[in-house]
Amino acid sequence: MHTLPLFCAALLCALPLCAQPQFSDQTAAAGITYRNVFGGPEKHYILESHGSGAAFFDHDSDGDLDLYIVNGATFATYRDRSGPGNALYRNRGDGTFVAITQEAKVGDAGWGGGVAVGDIDNDDRPDLYVTNYGANVLYRNRGDHFADATHEAGVGGDQYSASAAFFDYDRDGDLDLYVANYVVFDAEHRPAKPKLCTFFSGLRVYCGPKGLVGAPDVLYRNEGDGAFTDVTQASGVAAANRYYGLGVVPADYDSDGDSDLFVANDETPNVLFQNQGDGTFQDVALIAGVGYNGDGDVEAGMGVDFGDYDNDGDDDLYVTHFFTETNTLYRNESGVRFSDVTTTAGLAAATVEMLGWGTRFFDYDNDGRLDLFIANGHVYPQVDQAATGATYRQPNQLFRNAGSGRFAPAAAGLELAKVSRGTSFGDYDSDGDIDLFVVELNDAPTLLRNDGGNAGNYLVVQVFGREDNRAGVGTRIGLQAADKRQWRTVNGAGSYLSHSDLRVHFGLGPAQLSDRVEITYPNGSTYAIANVPANKLLVVRQGQGHALLELGANPF
């Protein structure tokens with residue numbers, strides 16, 4: 001439903017009369033009572049600061065987005081798993097949620113970090129993978145509940161895990177799994193009196209990650225029978241396993257038809273795994289220009305996303321960083337290398353005093369250009385005690401894509417300052433614009449409803465594979481509306497510790513239809529649809545045609 005006059009969309013809100021969309025906090029009104037627990041308030045150990053993530057996904061296949069939220073623990077509760085536990089909320093379809101954690105059997109009470117969503121058995125039911133400090137958990141979706149399949153799948157691990165991503169790296173039609181692990185940390189034998197290190201302005205804070213051993217990342221290959229095989233060594237990803245992994249996002253950055261992978265590392269060089277097409281990867285981050293920033297400096301990578309912000313057909317890269325470091329925007333130069341364009345894009349000065357986490361390219365105002373959101377919050381509560389130039393609680397940021405390669409801060413109702421971490425993106429109220437869910441450290445979360453983004457027209461595309469994975473992960477979608485071309489990839493991974501809606505959202509501005517929508521599946525097969533009307537859900541089934549539905553309708 002349009003909430004602003006249509007002529008405003010036609011002018012792309014260039015006039016003062018046409019206010020930009022605003023985000024409003026709907027957490028309490030939506031019935032979300034979860035509260036994050038993540039270590040103690042003073043953060044004396046590195047384990048206590050990195051927070052949790054969340055996932056927007058349709059767990060019951062009824063056409064609207066449900067919400068899974070990971071929770072942490074404390075040193076007193078993690079061993080016997082007596083903490084608050086994770087939470088699953090079912091979308092009622094009216095803008096509210098109801099907690100169904102117990103009946104769904106997904107309330108793992110370990111020291112949780114991230115969540116990845118993927119239909120690992122191609123049964124049209126999305127499964128859940130939860131990363132923890134300690135053993136991770138895989139939940140198979142059985143329809144009326146989830147079953148713990150960690151042991152039979154062989155994906156438990158025993159590390160300090162961060163982000164994870166499902167993607168089909170070998171193009172065999174099922175989803176494989178990459179898990180980024182952070183540092184080696186022994187909570188059981190931690191010193192009773194924490195060892196502190198000196199930070200900016202003489203503050204005494206927890207030590208690390210520098211000086212700690214990096215925990216090795218893991219790549220699991222899906223064998224198609226419910227089991228996964230650890231192919232970390234055989235695939236070549238072990239060659240870059242000495243770093244501190246936090247953020248993960250797959251993308252075909254070089255447009256050669258297979259999925260590559262970027263890993264954002266904390267205080268160590270980033271990794272760009274180029275898929276060699278033979279089951280192996282090669283780290284090309286240095287020669288591609290994304291291992292360091294444009295000045296050659298190593299940065300503290302946290303959140304990450306790929307997206308074609310300049311609408312030139314290849315995916316660009318954004319990475320969030322630590323206080324005193326700008327976040328970094330890398331422009332993709334035709335799949336060969338990347339250029340650090342942070343300053344020329346207008347994204348340097350505005351982020352240097354922030355500490356960024358969850359992030360994503362998304363079109364918040366439906367004008368056909370990808371905007372940028374960043375969740376912010378410091379790691380040291382002690383920064384409030386000294387003149388560091390930073391605060392512990394920080395406002396989140398939204399940058400509107402102004403075109404011509406530049407972004408501008410958007411005043412969109414994000415003034416509230418919290419200690420934000422993982423962020424998930426999706427249209428939970430099915431009104432045609434993208435909403436946000438932010439997990440706040442040791443606090444209530446924030447459900448941010450987009451109010452007014454649907455003044456511009458849109459098209460949402462949902463892909464179902466047949467020869468390829470059922471969720472269509474890795475499918476490339478091109479759209480032309482009037483004189484604009486846009487490209488997106490089906491991918492819910494990225495941000496930080498989180499999963500976003502797999503449905504692909506295109507903003508169309510004033511255009512009433514898409515002249516052409518082109519689908520390229522991971523196996524290389526293609527499908528095209530002409531003259532697709534705006535403000536619909538386009539459901540495309542590989543080898544079986546397409547259908548047009550109202551947004552929020554059940555596509556299954």
Side-chain angles (χ1 to χ4, degrees), residues 55-59 61-65 116-127 141 165-169 171-176 249-252 255 257-259 306-308 313 315 361-363 425-427 430 432 434 458-481 485-494 499-508 514 516-530 532-534 536-556:
F56 273 129
F57 76 118
D58 187 0
H59 95 277
S61 302
D62 64 352
D64 51 31
L65 293 177
V117 178
D119 183 0
I120 65 169
D121 46 9
N122 286 329
D123 65 352
D124 281 329
R125 294 193 295 256
D127 308 297
N141 191 334
F166 283 109
F167 71 123
D168 185 7
Y169 84 92
R171 294 198 291 180
D172 65 350
D174 51 34
L175 294 176
D176 311 297
V249 62
D252 182 10
S255 302
D258 50 32
S259 292
F306 272 109
D308 185 12
D315 283 334
F361 289 105
F362 76 115
D363 188 355
F425 299 74
D427 184 6
S430 299
I434 301 296
Y458 61 88
L459 181 69
V460 177
V461 184
Q462 186 164 6
V463 175
F464 291 92
R466 192 175 182 183
E467 294 88 8
D468 292 299
N469 63 87
R470 292 289 293 164
V473 174
T475 300
R476 188 72 167 164
I477 304 174
L479 178 146
Q480 180 164 349
R485 290 276 289 170
Q486 301 179 54
W487 289 266
R488 305 278 191 273
T489 300
V490 179
N491 171 43
H499 171 90
S500 297
D501 184 13
L502 280 174
R503 296 175 299 181
V504 173
H505 182 102
F506 291 95
L508 303 180
S514 300
R516 185 174 176 85
V517 177
E518 299 175 347
I519 311 292
T520 302
Y521 294 97
N523 70 357
S525 63
T526 61
Y527 184 74
I529 312 108
V532 182
K536 297 289 184 180
L537 172 65
L538 173 63
V539 178
V540 184
R541 300 182 185 276
Q542 187 176 19
Q544 297 177 305
H546 68 275
L548 280 171
L549 305 176
E550 297 300 319
L551 193 57
N554 189 339
F556 294 91

In Val461, Val517, Leu538, the residue satisfying side chain to side chain contact (heavy atoms under 4.5 Å, CB included) with Phe506 is Val461
Can you tell if the side chain of Tyr458 reaches within under 4.5 Å of the side chain of His505, non-hydrogen atoms only?
yes
OG1 of Thr475 to CG of Asn469: how many Å apart, nearest 0.5 Å?
6.5 Å
Which value, rounded to the nearest 0.5 Å, describes the distance between Leu537 atom CG and Arg503 atom CZ?
6.5 Å
Backbone N or O of Gly543 within a donor-acceptor pair of the Glu467 side chain at under 3.5 Å?
no
Given Asp58, Val117, Val473, the one that forms side chain to side chain contact (heavy atoms under 4.5 Å, CB included) with Leu502
Val473
Within the side chain of Asp252, is there an N or O that forms a donor-acceptor pair under 3.5 Å with the backbone of Gly257?
yes
Could you tell me whether the side chain of Asp119 reaches within less than 4.5 Å of the side chain of Phe57, counting heavy atoms only?
no
Find out whether Asp427 and Leu551 are in side-chain contact, i.e. whether some heavy atom of one side chain is under 4.5 Å from a heavy atom of the other.
yes
Evaluate the criterion side chain to side chain contact (heavy atoms under 4.5 Å, CB included) for residue pair Val504 and Val460; output intermediate values, then yes/no.
CA-CA 6 Å; Val504 173; Val460 177; over 6 Å; no
Are Gln542 and Asn523 packed together at the side-chain level, in the sense that at least one heavy-atom pair is separated by less than 4.5 angstrom?
yes
Please answer whether the main-chain N or O of Asp127 pairs with a side-chain N or O of Asp121 as donor and acceptor at a distance below 3.5 Å.
no
Heavy atoms, side chains only, cut-off 4.5 Å: are Pro533 and Leu548 in contact?
yes
What closest approach, in Å, do Leu549 and Ala553 show between heavy atoms, and which atom pair accounts for it?
CB-CB, 4.1 Å
So which heavy atom on Arg171 is nearest to which on Asp258, and how close?
NE-CB, 4.2 Å
I need the Leu65 CG to Phe425 CZ distance, nearest 0.5 Å.
13.5 Å
How far does OG1 of Thr526 sit from CD1 of Ile519, to the nearest 0.5 angstrom?
10.0 Å
Taking every heavy atom of Leu508 against every heavy atom of Ala534, the minimum-distance pair comes out as CD1-CB, 3.7 Å
Under 3.5 Å, is there a donor-acceptor pair between the side chain of Arg125 and the main chain of Asn141?
yes
Look up atom CG in Asp62 and atom CG in Asn554, then write down how far apart they are to the nearest 0.5 Å.
6.5 Å
If you look at every heavy atom in Val539 and Pro555, which pair is closest and at what distance?
CG2-CB, 3.8 Å
Looking at Gly313 and Ser255, what are the two nearest heavy atoms and their distance?
O-OG, 4.4 Å
Parallel, tilted or perpendicular: rings of Phe464 and Phe556 (30°, 60°):
perpendicular
Can you tell me how far apart CZ (Arg485) and CZ (Arg516) are? Round to the nearest 0.5 Å.
8.5 Å
With sequence neighbours excluded, tell me which residues meet salt bridge (Lys or Arg N to Asp or Glu O under 4.0 Å) with Arg476.
Asp315
Within a strict 4.5 Å, meaning less than it, do heavy atoms of the Phe166 and Ile120 side chains meet?
yes
Quick one: closest heavy-atom pair of Leu459 and Ser514, and the distance?
CD2-OG, 3.8 Å
Quick check: Tyr527 with His546 (ring centres under 6.0 Å apart)?
yes
